[in-house]
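A short write-up of the structure that comes next.
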Protein chains: 2
Amino acid sequence: MNTQQQHLDSKKSCAHDFQVSCGNCRLNSICLPFSLEARDVDELDRIIQRSKPLQKGHHLYREGDGFQSVYAVRAGTLKAYQTTDDGREQVTGFYFPGEIVGMDGISKNVHASSAKALETAAVCEIPFASLERLSATMPQLQRHFFQLMSREITEDQQLITLLSKSSADERVAALIVSVSARNARRKLSATQFRLSMSRVDIGNYLGLTVETVSRVFSRMQKMDVLRVDNKEIEILDLDALQRLAEGA
Amino acid sequence: MNTQQQHLDSKKSCAHDFQVSCGNCRLNSICLPFSLEARDVDELDRIIQRSKPLQKGHHLYREGDGFQSVYAVRAGTLKAYQTTDDGREQVTGFYFPGEIVGMDGISKNVHASSAKALETAAVCEIPFASLERLSATMPQLQRHFFQLMSREITEDQQLITLLSKSSADERVAALIVSVSARNARRKLSATQFRLSMSRVDIGNYLGLTVETVSRVFSRMQKMDVLRVDNKEIEILDLDALQRLAEGA
DNA sequence: AGGGGGGGTTGATGCAGGTCAAGGTGCCTT
DNA sequence: AAGGCACCTTGACCTGCATCAACCCCCCCT
């Protein structure tokens, strides 16, 4: 039996196996350009390295590491964060399955942030040099990456607005709404989920203290907008939450 | 006399003429990839449209406009800003000569922010479709744009950290230091300059009120770090200012 | 069973920066 | 020259969130 044959077999035999190709990955509608031809997907497949799982708390890369690749999250959640000169930490984003991390390393060829698994995670590594090469012959792929980066920019700008203009309630509401929407995109429940990040991380991301985050959760629970049980969240009134997030 | 000859003549005759090509633009070391060949520069030249000056207060594009082009600032300063649903405004960036605006429009093919001239400005329009086409055959150009976008991401993330972790003093100090550094890059004075943006814009960008910005300026003046005369700024102690910006 | 540590909640108090109000200065218009 | 307007500054007061402190719960370690 040749190695390729073994591959195929193992794929069939175990539901928990790594995805063997982008073509049959349940997330490909999120992380690949919509209009890619089957044979182009194969080419892409060839450059992508499916790495082994990342344990909770372990780093995918650290601030200052040489930049080689960007990563598509396949399972789990990551947080990206920077450490300021005086040792404080700033969480700059959370990354869910189907999303791409590591693009901040392109500009200086060095990662500008660290990425850490909030729970056991798996990622696909996409060597950037290969991606560049492939982009030159696949216009949709080039465009897709421009778009992904541009999306990261607009999302960061939304966070900037949130941090500079919104109250604690608005910030927390906005985060919950965002998590809910991203769950929906992956065909998961938009109203019931488990927050993989701690209150500390949430506070850090939103520019609030743990205590404030906790108080906001309590308040929203009292208002019957949310049911909160530790990390388990149930959204009872999504409309109200969205209105809150927009500053009602 | 043929038209080409006229071009050359007019270029010589008037110092205020528009740059006729990227090749002789004094900003090209900032806005072009370092390693571009002369003939590649020519190709780039061909797709770039040098538009007429933009009057103070006029828009380069508005939030919601269809996205066609990115723009290199040639002279003057622009601000980019978004309007939230409830009508508040958030300034997301200031753009100086040599810098590129408009990349947030790529992801959705619609501008996610508006760009407005803070003083009379001039820009080079770079049609994005042509840029994409050219990128496919010019690897350095493709890389350059990936890098520009990545830089925008890391800069936004620095602003996020600033907004979520820093005091009013730190924020204002950081902005002044940033303007100073960007002036230096253009071989202008790092210690004496005119702020083209109003206190309102500064406050808005930094997530502070006008009053607070004004008070911080007064305080820094009292501390002999800055001399402030309306929009004219003189940095008296750049070291102290940098230490302030980093939260000393 | 006991102890220790990480994470979460809640209450009491303080302060940085927001809000409100008044007044100044420079520039444009007539 | 006078009025109007945009922009900036300064002072007095108020408030939303940080800070400090206590305590709970859960899990792991010994």
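Labels below follow one simple rule: chain letters A, B, ... track the order of the sequence lines, proteins then strands, and each chain is numbered from 1.
Distance CG (B:D229) to C1' (C:dG24): 14 Å, rounded to an integer number of Å. Distance, A:Q221 CD to C:dG8 P: 15 Å, rounded to whole Å. When rounded to the nearest whole Å, the span between NZ of B:K231 and C1' of D:dA6 equals 10 Å. Summarising the geometry, the separation between CG on A:L206 and C1' on D:dG16 is reported as 16 Å, rounded to the nearest angstrom. A straight line from CZ of A:R219 to C1' of C:dG8 spans 16 Å, rounded to a whole angstrom. The CZ atom of B:R199 sits 14 Å away from the C1' atom of C:dG26 (whole-angstrom rounding). If you measure from atom CD1 of A:I202 to atom C1' of C:dT9, you get 14 Å, rounded to the nearest angstrom. The CZ-P distance, from A:F217 to D:dC17, rounds to 15 Å in whole Å.
Using a 4.5 Å cut-off on side-chain heavy atoms (C-beta onward), B:K79 and B:M197 make no contact.
Between A:N230 and A:R171, the residue anchored nearer the 5' end of DNA chain D, judged by the nucleotide with its closest heavy atom, is A:R171.
If you check every strand for non-hydrogen atoms under 4.0 Å, B:G207 touches sugar and phosphate atoms only.
The distance from atom OH of B:Y71 to atom SG of B:C124, rounded to the nearest 0.5 Å, is 11.5 Å.
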Heteroatom pairs (N/O) under 3.5 angstrom, protein to nucleotides 19-23 of chain C:
unit_1, atom_1, unit_2, atom_2, d
C:dT19, O4, B:R215, NH2, 2.9
C:dC20, N4, B:E211, OE2, 3.0

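For the residue pair B:A75 and B:P97, the shortest heavy atom distance occurs at CA-CG, 3.9 Å.
In this model, a donor atom of one side chain and an acceptor atom of the other lie less than 3.5 Å apart for A:T84 and A:D86. A:S167 and A:R171 share no donor-acceptor pair across their side chains, judged by distance under 3.5 Å alone.
The closest donor-acceptor contact from the side chain of A:N204 to the backbone of A:V91 lies under 3.5 Å.
Classified by interplanar angle (parallel below 30°, tilted 30° to 60°, perpendicular above 60°), the ring pair A:Y61/A:H111 is parallel.
Closest to the side chain of B:L208, from the set D:dC17, C:dG18, C:dT9, is C:dG18.
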